[in-house]
Amino acid sequence: MDGMEAKGEGIGARVRRKEDARLLAGRGQYVADIRIAGMRDVAFLRSPAAHARITRRAKPANAAEAVFFLDDLVGVKPIVTRSSIPGYKLSEWPVLAAQKVRYVGEAVAMCVADTRAEAEDLAERVEVEFNELPAIASCEAGRASGAALLHEQWGDNLFLQSHFDSGIAPVAASAPVKVELEVSCARQTMHPMEGKGLVAWWDFRAGQLVLNTSTQVPHMIRAGLAEVLGIPQAIIRIAPPDVGGGFGYKCLLQPEEVAVAWLALTRKAAFRWIEDRREHLVAGANARQHHYKLVAYADERGRMLGLDAEVSVDTGAYSVWPFTACLEAAQAGGNLPGPYDFRAYRCKVFSVATNKPPFAPYRGVARPGVCFAIEQVIDAIARAVGREACDVRAENLVPASAMPYVNVTNKHYDSGDYPGSLAMAREMIGLDEFRAGPKRDAQGRWIGIGFATYTEQSAHGTKVFASWGLPLVPGHDQAHVKLTPDGALEVRSGIHTIGQGLETTLAQVAHEMTGVPLADIRVTLGDTAVTPFSTGAYASRGIVMAGGAVSRAAGVVAERIRAIAAHLLQADPAAVEFRDGAVHAGAASVTYADIGRAWYLRPDQLPDGVNTGGLEATEGYKPTTDNGVFSYASHAAKIAVDPDTGLVEILDYAIVEDCGRMVNPMIVEGQTHGGAAQGIGSALFEESPYDERGQPLASTLLDYLLPGPTELPRFRIRHTETLSPHTAHGFKGVGEGGAIAPAGAVVNAINDALRDIGARVDAIPASPARILAAIAAAEERAA
Amino acid sequence: MKPVAFDYVRARTLEEASEMLAAGGGAARLLAGGQSLGPMLNLRLARPMRLVDIKRADGFRALAADDATLSIGAGFTHAEIEDGAVEDPARGLLRHVARGIAYRAVRNRGTIGGSLAHADPAADWVSVFAALDGVAVARSARGTRRIASGAFLRGAFATALADDEVLAAVELPLLSAGARWAYRKVCRKTGEFASAIGVVVLDPARGLARVVAGAVEAAPVLLPATSEALRDHGPDAAEAALAEEIARLLPHLDPAARRLRMVAVRSALRDIAGEG
C-alpha cells in the first residue's frame, strides 16, 4: 500500500523536528563548543610513511609532560578486536605506534599544549626516524606471493578468507548464458559535517573519567574504553554532546580517544582533541574499497541461475573495534545476491590487510558495493540476452508472492513487493517514453536511464551479530519513560542522536502510546550516567530497537496512567481514552498533570493496590526475530554524459522506498535524501587514491570531491509501507538505505547512455577520466 | 591544522604595505581576501613570518579609464565585479567570469588582485588576464612598473612581482561595441577550480583576437596560430588550427588532459561562431 500520513503528532505524522529549534539556529552544542577551565589541546604527530620500522623517537627538550609516546601510556593496552569466526587473524592496534607504522597518518606521538596551533608546533619538533618497508597499497599487492607482511606473525596479509558455495558447479556446466565482469569501488572517507573529537576530563565529585566524545555508541565506548584502559566501567561516564553526523565512523573506539582519555585519567585534568578535515581524509574513516570478479549464469531470457564471485576488501592495517576487520566481508558475501531470486551461489571473500587506515563500517556497510556489483551483473545479463535491463531485473527479483523468502545465503526477507517497487520507479522515470525518443540531447550529450533495487537488512539482532563473530553483540535495547509531577513525559534511551531525528521520532512513539502532547515530551539520549543500556545508533536499528523499547516502556506507563485516571474519573479503565492532550472517560477528563500530581504529591488520591512502580518504567525490546527486517527500494536515474568532457549530469532521479511503518515521513525523506547524496558521491565524485608507496593522494577537499547542492538532483520519492510482521508497529530501519543504490543506478544509466558507442564504465566513481578512458577504449576497439 | 605563529600588521595605505613588505625581506606576505592564503596557512604550506593585511588599506580601490583602457584597483572583490560595482571593460566578460568563481562567500572576500598575485594556474582571472592581454601595475618604493600579462604570469604560482612589489591595479582594454568573447570552464563541481579553461576574445575594431588555453598546470597559453586564424578567417578556421597547436604548445600534459583543454577552447570558439 502507499504510505499513509497520519494526522496529529503520533506515528505517521509529518511533524517538524524538535531538535531543529537548536540545530538550525546554530545553538547545537558539539564537542568543539565545550569549554572547561584549564582545558588543553592535543595534536598527534602522524606517520609520513605507509610501512616502516621506527628506529628512533626523541622528544623536544623540556617536553616530558607535553609529548607522549606509547611507552609513557603505562597500562594502556592495544586495541584488539576479537572475533569468533574461525581463521580470523587478530591485529594489535597500538594507541600510538612504537615499533612499526602501518599507514600514513598513524599516530606516533601525542602532543599537548594550551592551543592546537602550539600543540602542532610541538609535534613538528618531535624527532622520529623511520626505516621504510615495501608498502602494500592494494589487495593485489597484499595477496601476491612474497609480499611484505603488515603483521609478520600472520604469515600472509589476510585478516580472513571466507568461502561459501551452495553448489555452483551444475549451473556453471549447463547454463546457456555466461557473463563475466570485474567491477571495483574506490576507497572513500565519510565526512560527517563534524569530524571525530572529544573532551576528556576528571570529575572529582563523581570520581569519574568523563568523555564528551562525538560518538554514535556511548554505552559501547564505555565498555571498550574500560577494557583498553584497564579500569572499571563504573569510573567511566560517556556523555556525548550533539553529534554532527556519524555514518559509522563514530561507532568505533579510536586510538586518539583512548590516548586523550588516558591523559585525563592520569592527569586529572581536561584535554581535548578535535579531528581536522585533513586527519579525517588521510588517517580515519576509510571505507568502501572493494574489487569484484564476477561470473553470472542465466537462461536465454536472462533469468539468473547462479553467481560465482570473488570479492576483495582493501581492509587497511588494523581491525577497528568493535566491528572487526571482517564485518565488511561478511556483509559483502552475505548480501551480494541482493533482492534477486537464484539458488546457486559461490563466493570467496578476501579481507586483505593493506598499508592504509583501518576500514570502518560506513552507511550501508558493504551493500553500496554489492548493490553496485549485482546491478552491473543484471545489466550485463540483459545486454548478453539482448533485452531491456529493467525487464530482466523485474523478472529476477524475488516476487511478492514468495514472501517471506529465505535466500541462498539464508537471509530472511520478511515482507515486501520488490518488482512492484521497480515498476513504480520505471513509471516515475519515464523509461518507456525515453526508449521511444532520441538518445542524445541538443548539446550532443548521450542520455541513459539506469535502475538499482536493493534490500537492506536493518536492525539485525543478536544471532546475526553473533554469527559475524563480533565481540559485542546487541540484545534487548532498553528505554526509560517517566511521567513527571506536572504531567510531562521524560524518555531516556542509551542510543544517541547523530542528526537522524530521534529526539522527534522517539517522542512521536511515546506520544502514540501515552497521548502526552509532543511538546511536553523530552527525549534524553546517550549519556551513560542517565540513560539505560543500548548498544547505540548503527545498522539502521534506531527506530526499530530504541523505538520498540520506547513503545514498550511508554505502553507500561500508559497502563499505569490509565489505572490512576480511571480511579480519579470513577470509570472503568477500559473506558479511558488518551486524546486531545488529556485523559478522558466519557464526558469527564483529567489532565496528565492531575495524574502526575496524584502519584507524586497527593498519594492520598491513589487507588488501593496502585502499581508501586509508579509512573516510570524501564523496558527492554528486541524484535521477534533476530534476522533483521528488510527495508527495500528501487532507484532510477536519468543522466546525460558529455562525451567531450566526460562530465555527467543527473537529469532526474526517482526513488520508491519502503521502510515499513514510517514514524515521520519527512524524516524518512531526509534520511533518504542524505543517503542518496552520499551514494551519488560514491557514484561520481568521491575517491581516496593511494600511490604504490601507500601515500594518500587526496589530503584536502580540493582533491577529494564531495557532491554539493548543485551536483545533486531533486530527488523524487514515493513511499510504500509494507509492515514488518516482526517489529513493534511494523517498523523497519531506514538510516542507511539511501546510500546503497545510487552507484548501481547511476552507472547503469551511464552505461545505457554509452551503449551505442560500445563504452562501459566498470569502476566508481565514474569520474570524467574513467568515462573518457572508457570512450577512448571503445573507439580503439572500433577502429 | 592551525597556522604556524606569524606577526600580523595592518597597512593603512598602499605605500605603507609596500614598505612593510620590503621590510619583511621576502618573509612577509600580503593578505587581501585570504581565500587561498588562509587554507595554505592552516595547512602550514605557507609559513610567512609576517602577514601584511591590505584589506582596509587605501590605494587598492581606484578605478581610472582612458579611451582604450580601464584600470581596476587590485582590491576589488569578485563579488563587486559580479554585481557591476566595477564597470566591465570587456562588455560582460568580467561579470560572467566573476559569477562563476567558487561560491558567493568566497567571492565576497577574494579579490582580483589577490587572485592574480597568487597565480594559481586554474584560477579564472589568470586566464582572463592573459586573454585580454592586461597589464599589471606593480608598485614599490623603487617606483611603478607596468608589466604585460605575458611577462607577469611566469608559471604556476609564479609572477614577475619582486619581494617588495605590491600589485596595485590591473589595466584591461576597453573592448569596442562589436567585440565578442567566450569563456568556457570545465569543472567537476560548482565552485571548484577548473580542470580546463578556454577563453576567446575577438575585437575586430581593435585588431584584437586572442585565444587562450587555461588551467594548464602552468601559466595560461596563448594560441597564436589559432588566434591569427580567428582574426583573419573566423572561428571555423580557428577550430581547424586548434588541435595541432594545442598538441604543440602543451606537451607537458598527458593526452587526456590535453584533449580536455582542446575541448574547452573549441567550445569557446563555437560559442563565438554561434554569436557571429
Side-chain angles (χ1 to χ4, degrees), chain A residues 41 43-44 46 113-125 274-282 443-444 642-649 680-681 684-687 699-712 765-777 779, chain B residues 1-6 8 35-36 38-47 99-100 102-106 120-123 184-198 215 239 242-243 246 253-271 274:
Chain A
D41 261 308
F44 288 91
R46 296 181 180 279
D114 289 339
T115 65
R116 173 66 180 250
E118 289 165 293
E120 288 180 18
D121 291 346
L122 203 50
E124 289 188 350
R125 289 166 47 218
I274 306 296
E275 179 189 71
D276 67 28
R277 198 56 61 174
R278 194 169 199 211
E279 289 179 298
H280 188 87
L281 276 158
V282 303
Q443 301 158 59
D642 183 331
D644 285 328
T645 61
L647 290 170
V648 172
E649 183 188 354
I680 284 170
L684 295 174
F685 297 102
E686 298 182 42
E687 182 169 16
S699 65
T700 74
L701 293 179
L702 272 181
D703 303 309
Y704 189 93
L705 293 186
L706 292 166
T710 56
E711 282 71 53
L712 296 171
S767 60
R770 288 197 175 93
I771 288 174
L772 292 175
I775 293 172
E779 284 168 352
Chain B
M1 296 291 282
K2 301 292 179 196
V4 178
F6 52 81
Y8 171 89
Q35 297 305 290
S36 292
M40 289 174 70
L41 289 169
N42 278 346
L43 289 166
R44 300 194 163 202
L45 295 172
R47 293 168 172 248
R99 192 159 51 236
Y103 305 90
R104 181 71 192 196
V106 171
D120 186 323
R184 281 291 187 128
K185 172 160 75 163
V186 179
C187 237
R188 279 187 72 185
K189 59 173 278 196
T190 303
E192 290 303 308
F193 280 100
S195 312
I197 290 174
E239 188 175 328
L242 178 63
I246 288 267
L253 297 178
D254 69 44
R258 235 180 355 249
R259 183 168 186 280
L260 202 59
R261 275 64 179 188
M262 193 276 289
V263 165
V265 176
R266 189 183 68 193
S267 300
L269 285 168
R270 288 179 183 175
D271 289 344

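Every chain is numbered from 1, with letters handed out A, B, ... down the list of sequences.
If you run side chain to side chain contact (heavy atoms under 4.5 Å, CB included) between A:Asp644 and each of B:Val263, B:Leu260, B:Val186, only B:Val263 comes through.
Within the 4.5 angstrom heavy-atom criterion, no atom of A:Thr115 approaches chain B. Contacts between A:Leu702 and chain B at a heavy-atom distance below 4.5 Å involve backbone atoms as well as side-chain atoms. Looking at A:Pro709, neither its backbone nor its side chain comes within 4.5 Å of chain B, counting heavy atoms on both sides. Proximity to chain B is limited to the side chain of A:Glu711, based on heavy atoms less than 4.5 angstrom apart.
To the nearest 0.5 Å, atom OG of residue B:Ser267 and atom CG of residue A:Asp642 are 7.5 Å apart. We find the OG1-CE distance between A:Thr700 and B:Met40 to be 11.5 Å, quoted to the nearest 0.5 Å. Rounded to the nearest 0.5 angstrom, B:Arg188 CZ and A:Leu647 CG are separated by 8.5 Å. Rounded to the nearest 0.5 Å, atoms CD (A:Glu124) and CZ (B:Arg47) are 4.0 Å apart.
Side-chain contact check for B:Arg184 versus A:Thr645: every heavy-atom pair is 4.5 Å or farther apart. B:Leu43 is listed as a side-chain neighbour of A:Arg278, based on a closest heavy-atom distance under 4.5 Å. Counting only heavy atoms from C-beta outward, the side chains of A:Glu120 and B:Arg44 approach each other to under 4.5 Å.
For the residue pair A:Ala117 and B:Pro3, the shortest heavy atom distance occurs at CB-O, 3.8 Å. Taking each heavy atom of A:Leu701 and B:Glu192 in turn, the nearest pair found is O-OE1, 4.2 Å.
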Are B:Lys2 and A:Glu118 close enough, and set up right, to give a salt bridge (Lys or Arg N to Asp or Glu O under 4.0 Å), and what steps lead you there? CA-CA 9 Å; B:Lys2 301 292 179 196; A:Glu118 289 165 293; over 6 Å; no

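The candidate from A:Val648, A:Leu772, A:Thr710 with the greatest count of non-hydrogen atom pairs under 4.5 Å with chain B is A:Thr710.
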